[in-house]
Amino acid sequence: MNKNKILVIDDEKSMLEFLSAMLTKDGFSVAVSDTGQEGVNMFKKTHFDLVITDIKMPEISGIDVLKSIRSYDTNAVVLMITAYASVDTAIEAMKLGAFDYITKPFEIENIRVIIRKALQQRELLDENINLKEQLKSEYDFKNIIGNSTPIKDVFDKVRKISRTDATVLLYGETGTGKELFARAIHHNSPRKSEPFISIDCGALTETLLESELFGHVKGAFTGAIEHKKGLFEAADGGTIFLDEVGVASPQIQTKLLRVLQEHEIKQVGGNKSIKVDVRIIAATNTDLEQQIKDGKFREDLFYRLSVIPIVLPPLRERIDDIPLLVSHFLKKYTRKAGSKIKKMSPEVMQILMKYNWPGNIRELENVVERAVVLEEGDTIAIENLPDKLREQEIEIDEKRFIAEGLKNTVEQTERNIILKAFEECAENQYQTAKKLKVSRQNLQYKLKKYRIIE
Ligand SMILES: Nc1ncnc2c1ncn2[C@@H]1O[C@H](COP(=O)(O)OP(=O)(O)OP(=O)(O)O)[C@@H](O)[C@H]1O
Ligand SMILES: [Mg+2]
């Protein structure tokens, strides 16, 4: 374990010696300073988990030390020491962000308890900071997994366009990562500290979607009892992600075209034009060009949106990525469950590589999460896969055995079924026979025939 580092600042030498000896004995790494100025300098040079400072010191007081340290690092944990007479100053210190104060003379046990609490606070703060860092990097390209040629082409393109303001149209089946890429583009763009707002054009009725996107004035329609800003205004300076743009109604399409051309919107029921500076990323899993032919999508809007079209390949066209994705999700979900890292059995991996993944990466992620939860051991077995994937296993087996003739096929399949049931029943013959709905004698005969038992 790392030793916690504590800095003690006090002009009284005997106090420094006393605290230093006590803290060292308690297993901390201790540094001391007998002036406020030197203490602050030391703090700026080295990381300390906790600072303990006397309040009353000549020249630079403990309050000034507290101020300098906290303005240098707003998360610094500082503990004040004060003589009984100056509790008022101690309270002032608390207001300035000191963790707590101790009055002299103090009991050793007391100060130990306070130090422990202060260090716990420090740990919590550190955890919080880590969490924030994690959130920040969640949309980092590093967290988008893929090494296959089709996805690498996507990465190249996306990296380049992130830095620009270009409108992007993402094509891809469900679960291929459209939203993930949209967020990554935003978080790697100069707009990253401005809002990213995602809206599913298919999830709302036309009227609602229109007022969500553009806002409305009071009394624009029944129920519009108050003036409301729309998402385009809320996303000003940032990025808006229009999911399922293919299902937007003609009226919405017209309004979107206006945003793209004029960079302005009109609220529903209003007549004032409002300028907005919003980058648009749109996504669809329908064929917009076909929709144009069918007269369902405006061609001019299509060209405005697809300045940069990006096609996200379905998972079945990039099966090389499956092992990488599996190990990424295994890590993610074992960490979440707090369990030991698990691996896939080779048979499971084989099934995962052969399945056609209509729900793409989302489906794979769900399968891995489920298996991690169900599997108690450290190797994920076929039993932990959903039926859909296990049925596929039997189909594969059938294909393999048909080549070997009917008799062999039937026998092999029968052997597999019996073996599986036998294992599932912990090799209890009575239970297995019951499960397979055969007599005990019959089961025993077959167990021997297939050399499952001696
Ligand atoms: N390359 C990848 N690496 C890691 N995780 C991924 C990758 N692609 C997608 N995912 C994960 O798969 C899930 C589905 O992705 P996302 O929601 O972006 O898909 P989508 O294309 O928007 O799907 P839908 O059309 O159904 O809305 C998310 O949990 C996402 O984090
Ligand atoms: Mg989506």
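As the structure lists them, so they are numbered: ligands from 1, and atoms in each ligand from 1.
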Does an N or O anywhere in [X] fall below 3.5 Å from an N or O of ligand 1?
X      : value
Ile144 : no
Ile361 : no
His328 : no
Glu179 : yes

**Request:** State which residue, out of Glu212, His216, Glu210, fulfils the side-chain contact (heavy atoms from CB on, under 4.5 Å) condition with Phe214.
**Result:**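 Of the listed options, the one satisfying the test is Glu210.
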
**Message:** Quick one: does any side-chain atom of Gln253 pair with a main-chain N or O of Ala248 as donor and acceptor, under 3.5 Å?
**Reply:**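 Yes; at least one donor-acceptor contact below 3.5 Å.
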
**Prompt:** Within the distance-only criterion (no hydrogens, no angle test), does the side chain of Arg70 pair as donor or acceptor with the backbone N or O of Ala76 below 3.5 angstrom?
**Reply:**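 Looks like yes, one N/O pair under 3.5 Å.
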
**Prompt:** Are more than 12 heavy atoms from other residues, nucleotides or ligands located less than 6.0 Å from atom NZ of Lys272?
**Reply:**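 Open: at most 12 neighbouring heavy atoms sit under 6.0 Å from NZ of Lys272.
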
**Message:** Heavy atom to atom 4 (C) of ligand 1, shortest distance: which of Asn285, Asp243, Leu312, Asn143 holds it?
**Reply:**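 The option holding the nearest heavy atom is Asn143.
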
**Prompt:** Between Glu363, Glu369, Lys178, which one has a non-hydrogen atom sitting closest to atom 20 (P) of ligand 1?
**Reply:**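 Considering heavy atoms of Glu363, Glu369, Lys178, the nearest to atom 20 (P) of ligand 1 sits in Lys178.
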
**Asked** Looking only at side chains, do Arg304 and Thr167 share a donor and an acceptor under 3.5 Å apart?
**Response**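 No donor-acceptor contact under 3.5 Å links the two side chains.
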
State if [X] counts as touching ligand 1 under the rule of any non-hydrogen atom under 4.0 Å.
X      : result
Leu325 : yes
Phe181 : no
Gly175 : yes

Measure the distance from [atom] to every protein heavy atom, then report the residue, atom name and distance (to 0.1 Å) of the closest one.
atom                    : value
atom 11 (C) of ligand 1 : Glu365 OE1, 3.4 Å
atom 6 (C) of ligand 1  : Leu180 CD2, 3.4 Å
atom 26 (O) of ligand 1 : Thr174 OG1, 2.5 Å
atom 17 (O) of ligand 1 : Arg362 NH2, 3.1 Å

**Prompt:** Using the ring of each side chain (for Trp, its six-membered ring), is Phe329 parallel, tilted or perpendicular to Tyr333, with breaks at 30° and 60°?
**Reply:**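 Ring orientation of Phe329 relative to Tyr333: tilted.
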
**Prompt:** So which bit of Ile151 gets within less than 4.0 Å of ligand 1, heavy atoms only: side chain, backbone, both or neither?
**Reply:**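 The answer is neither; Ile151 stays 4.0 Å or more away.
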
Gap separating the [atom1] atom of [X] from the [atom2] atom of [Y], nearest 0.5 angstrom:
X      : Y      : atom1 : atom2 : value
Tyr171 : Thr286 : OH    : OG1   : 8.0 Å
Glu424 : Glu383 : CD    : CD    : 5.5 Å
Ile197 : Leu242 : CD1   : CG    : 11.0 Å

Under 4.0 Å from any heavy atom of [X], which atoms of ligand 1 are there?
X      : answer
Phe329 : 5 (N)
Ile145 : 1 (N), 2 (C), 3 (N), 4 (C)
Gly177 : 8 (N), 9 (C), 15 (O), 16 (P), 18 (O), 19 (O), 20 (P), 21 (O)

**Request:** Quick one: closest heavy-atom pair of Val438 and Leu443, and the distance?
**Result:**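 Shortest heavy-atom contact: CG2-CB, 4.1 Å.
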
**Request:** Given side chain to side chain donor-acceptor pair (under 3.5 Å), test Arg318 with Thr176 step by step and report yes or no.
**Result:** CA-CA 11 Å; Arg318 36 185 284 223; Thr176 44; over 6 Å; no

